[in-house]
Asks: 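The structure that follows is given in the form of C-alpha cells.
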2 protein chains.
Amino acid sequence: MNLPPLSQAFVLHFGEMGSRWGINRTVGQIYAVLFLAERALNADEICERTGFSRSNVSMGLKELQSWNLVRLQHRPGDRRDYFATPDDLWAIVRTLVAERKKREVDPTLSVLRELLMQPAATEADAHAQARMREMHELIELLTSWYAEMERMETDRLVQLLSLGARVGQVLEFKDRLFGAVTRKREPDDGARPRPTDEEA
Amino acid sequence: MNLPPLSQAFVLHFGEMGSRWGINRTVGQIYAVLFLAERALNADEICERTGFSRSNVSMGLKELQSWNLVRLQHRPGDRRDYFATPDDLWAIVRTLVAERKKREVDPTLSVLRELLMQPAATEADAHAQARMREMHELIELLTSWYAEMERMETDRLVQLLSLGARVGQVLEFKDRLFGAVTRKREPDDGARPRPTDEEA
DNA sequence: TTGTAATTTCAAAAATTCCTGAAACTCCAG
DNA sequence: CTGGAGTTTCAGGAATTTTTGAAATTACAA
C-alpha cells in the first residue's frame, strides 16, 4: 500500500467496514481510494495505492460499477479507463441507499407479497401469515416514504433533515391552522397497534 | 427442517437475506422462526424447526442476544430458556436500526473525527481531509436527524412517515409565511455543493 | 455433596469467499 | 493483418467463515 498516512488510515478503515456491509475488503478499499483521490484513477494506479493484484482490482471495479458507485472516464490519447466517485456526496448517498434497498428489501417485499397470496393451509400458517402481513405493511410504509424522499431535491431534503423533530412542531402548527381537516382521519389510521388482525 | 410450507419459505428466504446483511444464514433462519412462532421457543424446538445442530443454534441465539433482537423468557417448572421476538414490529425496527448504526456508522464517525484532528502533512492529505470533512458533516446530519426520530413516539413517527413528501409542502408553506427569516441563511449552508474547500 | 438436564465452549471439519497469476480476450495503431 | 497495450476471465490455492460433535460448564433437585 502506497498512500500518504491519513489517507491510508481511512482506506484501511473502509476496508474493514466493507466486510460489515455487503461488500468485501478489496471493494471497500478501492472505493475509499477513489473517494479520496483528487482526480480519476486508472486501474494500475489503484493497484499501486492499494497493493492489490491487477485482477483483484478489476473484479472490485466491476463490482463497484454494478453498484453504480463509480463513474467511468476517458482521457484523450489514453486508452485506459479512469474511475472516479461523484463529487457530490449526496449523489453517493442516494445511489448507496437505492442499491441497498434494491438488494436488501425489494426481494423480501416480493417474497412477502407472494406468500401472502397463498392460502394458509394450517393453523400455524395462518398465524405466520398474519405476522408476515404486519411486516409487509411496515416495509411498505417505509419504502413509500423513502420513494418520496428520493424524489425530493437535495436542498429541500437537507432542510428537512436539519429541521429534525421540529417538523413535529411545524405539523402541530399546521394542525392548529387547519385542525378540522387533519383531525377527520381515524386517530389510529396509520399506527395499527393491534397485533393480530386476521382478515384473511 | 420441519415447518409448515409457508413458514418454511419465509424462513429460507430470511436465511438467504441474512448473508446480505451482516448476519449469517443460521442467525437469519433462527430469527425468522422466532418471528413467526406463535409463542416463545426453546433451543431444541428451534433445532427441530431449522434442522441446525444444537451448538449452532446456541451460537446463533447468542448472536441475536448481542443484537438485542430476542427476549429471554422462562416457564414455571421448566429450566429451559425460551426465546421470543417482540410482538411490536416497530420495536424490532428500532433496535435493528440502532444496532446497525452502532456497528456500521459509529466506528466510521469516530475514525473520521480522529483523522480530522491530525495535521495534514502532505498536499494530498489536505485534499483527503477536505473530502473526509464533507463525509463527516453529512453523516453528522443524518445521525442527528436519526437521533431525533429515535426519540419520537411511534404514533407520531408513523404519522410523519405517512405524510411523506407532503411535509415538504408544509415547509413551503412555512417558507411563504416566514420567508424572510429562512432566507437569511446562506443559500448553500447545509448542502455544500462545492467539492474542494481547503480550509485546513 | 452427587446426579442430571440444559447450555456453552472449543477445536477442527466443511463450506464459502477471496485473491492471484496465467491465459484469453478486445481494441486500436501501424 | 499484426503487435501490443489494456482489460477481463478463470481455475485453483489461500484465507475466512460456518457448522458440528464432543467435552466442559452451569445450575439446580434430591
Side-chain angles (χ1 to χ4, degrees), chain A residues 1-2 11-12 14-34 40-67 70-84 103-104, chain B residues 1-2 11-12 14-34 40-67 70-84 103-104:
Chain A
M1 177 164 299
N2 184 11
V11 168
L12 252 28
F14 248 66
E16 293 311 313
M17 293 314 277
S19 19
R20 298 206 193 176
W21 292 51
I23 67 182
N24 64 26
R25 195 164 53 90
T26 312
V27 176
Q29 289 196 18
I30 293 176
Y31 194 75
V33 163
L34 291 178
L41 301 178
N42 65 45
D44 284 320
E45 289 170 323
I46 297 172
C47 287
E48 191 188 324
R49 298 190 186 196
T50 59
F52 292 126
S53 75
R54 188 54 234 282
S55 52
N56 201 359
V57 167
S58 177
M59 299 277 218
L61 286 170
K62 228 179 87 182
E63 171 90 1
L64 284 174
Q65 281 176 288
S66 85
W67 279 74
V70 293
R71 223 161 282 284
L72 190 53
Q73 294 179 6
H74 283 285
R75 299 184 164 195
D78 187 341
R79 286 217 260 116
R80 289 171 294 182
D81 292 336
Y82 283 79
F83 300 89
R103 287 153 208 249
E104 296 181 3
Chain B
M1 177 164 300
N2 183 13
V11 168
L12 252 29
F14 248 66
E16 292 311 313
M17 293 315 276
S19 21
R20 297 206 193 177
W21 290 53
I23 67 181
N24 64 27
R25 194 165 53 90
T26 311
V27 175
Q29 289 196 19
I30 292 176
Y31 194 75
V33 163
L34 290 178
L41 302 179
N42 65 46
D44 285 320
E45 289 170 323
I46 297 172
C47 286
E48 190 188 324
R49 297 190 186 197
T50 59
F52 292 126
S53 75
R54 189 52 234 279
S55 53
N56 203 358
V57 167
S58 177
M59 299 278 219
L61 286 171
K62 226 179 88 183
E63 171 90 2
L64 284 174
Q65 281 176 288
S66 86
W67 279 76
V70 292
R71 223 162 280 283
L72 190 54
Q73 293 178 6
H74 284 284
R75 298 183 165 197
D78 187 341
R79 287 216 261 116
R80 287 170 295 182
D81 292 337
Y82 284 78
F83 299 88
R103 286 153 209 251
E104 296 181 3

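Residue numbering restarts at 1 for every chain, and letters A, B, ... go by the order of the sequence lines. What you are looking at is a predicted structure, and each value in this text was computed from that prediction instead of being measured.
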Asks: Have a look at B:Asp81 and say if it touches a base, only the backbone sugar-phosphate, or nothing, with a 4.0 Å heavy-atom cut-off.
Replies: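 It contacts sugar-phosphate atoms only.
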
Asks: Ignoring hydrogens and angles, tell me if any N or O in the side chain of A:Arg25 forms a donor-acceptor pair with the backbone of A:Ser19 under 3.5 Å.
Replies: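 No: the side chain of A:Arg25 does not pair with the backbone of A:Ser19.
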
Asks: Quick check on DNA chain D: between A:Ser19 and A:Asp78, whose nearest nucleotide comes earlier from the 5' end?
Replies: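 Result of the comparison: A:Asp78.
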
Asks: For B:Thr26 and for A:Ala43, locate the closest nucleotide of DNA chain D by heavy-atom distance; then report the residue assigned to the nucleotide nearer the 5' terminus.
Replies: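 It is A:Ala43, whose closest nucleotide lies nearer the 5' terminus.
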
Asks: Identify the 5'-most and 3'-most nucleotides of DNA chain D with at least one atom closer than 4.0 Å to a non-hydrogen atom of chain A.
Replies: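 Result: D:dG4 to D:dC10.
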
Asks: Check step by step if side chain to side chain contact (heavy atoms under 4.5 Å, CB included) holds for A:Leu72 and A:Gln65.
Replies: CA-CA 9 Å; A:Leu72 190 53; A:Gln65 281 176 288; 4.0 Å; yes

Asks: Send over the distance from B:Glu63 CD to C:dT9 P, rounded to a whole Å.
Replies: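 The distance from CD of B:Glu63 to P of C:dT9 comes to 13 Å, rounded to the nearest Å.
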
Asks: Can you tell if the side chain of B:Gln29 reaches within under 4.5 Å of the side chain of B:Phe14, non-hydrogen atoms only?
Replies: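 B:Gln29 vs B:Phe14: side chains apart.
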
Asks: Atom CZ of B:Arg25 and atom C1' of C:dA15: how far apart are they, to the nearest Å?
Replies: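 Those two atoms, CZ and C1', are 9 Å apart.
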
Asks: Which residues in residues 49-60 of chain A have at least one heavy atom lying under 4.0 Å from any atom of DNA chain D?
Replies: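 Within this stretch, A:Arg54, A:Ser55, A:Ser58, A:Met59 sit under 4.0 Å of the strand.
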
Asks: A side-chain contact here means heavy atoms from C-beta on lying under 4.5 Å apart; do B:Tyr82 and B:His74 qualify?
Replies: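 Not touching, per the 4.5 Å side-chain cut-off.
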
Asks: Considering residues at least two apart in sequence or located in another chain, which fulfil the salt bridge (Lys or Arg N to Asp or Glu O under 4.0 Å) criterion with B:Arg71?
Replies: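 None.
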
Asks: Give the rounded distance in Å between these two atoms: CG of A:Asn24 and P of C:dT16.
Replies: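 Interatomic distance, CG of A:Asn24 to P of C:dT16: 18 Å.
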
Asks: With sequence neighbours excluded, what pairs up with B:Ser53 under the side-chain contact (heavy atoms from CB on, under 4.5 Å) test?
Replies: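 With neighbours one apart ignored, the set is B:Ser55, B:Asn56.
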
Asks: Nucleotides 25-30 of chain C: which of its N/O atoms have a protein N/O under 3.5 Å away?
Replies:
none

Asks: Less than 4.5 Å apart, any side-chain heavy atom of B:Arg49 and any of B:Asn2?
Replies: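 B:Arg49 vs B:Asn2: side chains apart.
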
Asks: Would you check if the side chain of B:Arg103 reaches a backbone N or O of A:Arg20 as a donor-acceptor pair within less than 3.5 Å?
Replies: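 A pair under 3.5 Å: no.
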
Asks: Does any non-hydrogen side-chain atom of A:Phe52 lie less than 4.5 Å from one of A:Val57?
Replies: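 A:Val57 reaches A:Phe52 side chain to side chain.
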
Asks: What pairs of residues pass the salt bridge (charged side-chain N to carboxylate O under 4.0 Å, His left out) test when at least one of them lies in residues 72-82 of chain B, not counting sequence neighbours?
Replies: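 Output for this query lists B:Asp78-B:Arg80.
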
Asks: Mark yes or no for whether A:Thr50, through its side chain, and A:Ile46, through its backbone, hold a donor-acceptor pair below 3.5 Å.
Replies: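 Yes, the answer is positive, given that a donor and an acceptor are paired below the 3.5 Å cut-off.
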
